[in-house]
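The figures here come from the full heavy-atom set of this structure, side chains too, leaving out hydrogens, waters and symmetry mates. Numbers here are sequence positions counted from 1. Note that the structure is predicted; figures quoted are calculated from it, not measured.
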Amino acid sequence: AGMNETAIENFVCVIFNVSFMNCTWHVGRTASGDTQYFLYWKTSRKEDFTGCQNYIKDNCGRHTGCRFQNVTIENKRAYFLVNGSRSGQNIQSYKKMIILYKIVFLSYFNYIIVEKLTPPLNVTVNCTEASHGCEIWWQPPRTSHVKRHACFKYEIVIENK
């Protein structure tokens with residue numbers, strides 16, 4: 001239902017610092033300046049949708065994203081709904097069930113979920129003249145979903161001064 005090509009496009013969510021999530025989108029191709037979008041989401045079919053409380057807006061004042069805080073995701077699925085109206089007319093809704101952390105790069109799917117990881121924690125460096133070398137230790141970054149530390153790969157860049 002709703003006017004053709006008014007649904008959002010290019011839906012992207014980025015999880016960062018473990019519990020923050022930003023979701024953004026592009027307005028529909030035929031969306032006018034008075035089109036307004038509203039985002040709702042939930043992490044299970046059984047619970048009710050939660051509406052966005054902190055919208056990101058474009059120059060026309062249209063909602064083009066949302067900032068979420070204190071996000072906890074128990075399972076790997078999330079359900080998103082973006083609907084809205086323009087001049088009292090309904091626009092096409094955007095509904096997706098997304099498997100989180102399965103990063104999809106193909107624009108065919110029209111969405112992406114990414115987690116930006118924090119740097120490794122408690123980095124310790126011990127250099128000795130006797131061994132002419134250094135030992136470096138660290139703990140894996142905090143993440144909202146990776147449970148196995150073997151999943152991480154690290155790159156160390158050493159700069160001489």
Inset, instruction - Go through the side-chain N and O atoms of Arg62 and Tyr37 and say whether any donor and acceptor fall under 3.5 Å apart. - result: no
Identify the two heavy atoms, one from [X] and one from [Y], that lie closest to each other, and give their separation to 0.1 Å.
{"X": "Asp34", "Y": "Arg86", "result": "OD1-CB, 3.7 Å"}
{"X": "Cys134", "Y": "Val125", "result": "CB-CG1, 4.4 Å"}
{"X": "Val27", "Y": "Ala31", "result": "CB-CB, 4.3 Å"}
{"X": "Gly84", "Y": "Phe38", "result": "CA-CD1, 4.0 Å"}
{"X": "Pro119", "Y": "Pro141", "result": "O-CB, 3.7 Å"}
{"X": "Tyr40", "Y": "Gly51", "result": "CD2-CA, 3.5 Å"}

Rounded to the nearest 0.5 Å, how far apart are [atom1] of [X] and [atom2] of [Y]?
{"X": "Leu81", "Y": "Met97", "atom1": "CG", "atom2": "CE", "value": "14.5 Å"}
{"X": "Thr35", "Y": "His63", "atom1": "OG1", "atom2": "NE2", "value": "12.0 Å"}
{"X": "Ser85", "Y": "Ile91", "atom1": "OG", "atom2": "CD1", "value": "7.0 Å"}
{"X": "Phe49", "Y": "Asn83", "atom1": "CZ", "atom2": "CG", "value": "9.5 Å"}
{"X": "Asp58", "Y": "Thr24", "atom1": "CG", "atom2": "OG1", "value": "12.0 Å"}
{"X": "Thr124", "Y": "Trp138", "atom1": "OG1", "atom2": "CH2", "value": "10.5 Å"}

Inset, instruction - Would you mind telling me which of Asn10, Ile8, Val12 makes a side-chain contact (heavy atoms from CB on, under 4.5 Å) with His26? - result: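 Only one of Asn10, Ile8, Val12 forms a side-chain contact (heavy atoms from CB on, under 4.5 Å) with His26, namely Asn10.
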Legend entry - Cysteine SG atoms at Cys66 and Cys23 closer than 2.5 Å: no
Inset, instruction - Evaluate whether atom CD of Gln53 has more than 12 neighbouring non-hydrogen atoms of other residues, nucleotides or ligands under 6.0 angstrom away. - result: no
Legend entry - Asp48, CG: over 12 other non-hydrogen atoms inside 6.0 angstrom: no
Legend entry - Test item: Pro140 and Tyr154 side chains (from C-beta on) under 4.5 Å apart, heavy atoms: yes
Legend entry - Beyond-backbone contact of Phe68 with Thr50, side-chain heavy atoms, under 4.5 angstrom: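 No, side chains not in contact.
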Legend entry - Residues Asn126, Trp137; criterion side-chain contact (heavy atoms from CB on, under 4.5 Å); working and verdict: CA-CA 9 Å; Asn126 183 20; Trp137 300 272; 3.7 Å; yes
Backbone of [Y] reached by a side-chain donor or acceptor of [X] within 3.5 Å:
{"X": "Arg29", "Y": "Asn4", "value": "no"}
{"X": "Gln36", "Y": "Gly61", "value": "yes"}
{"X": "Gln92", "Y": "Glu5", "value": "yes"}
{"X": "Lys57", "Y": "Cys60", "value": "no"}

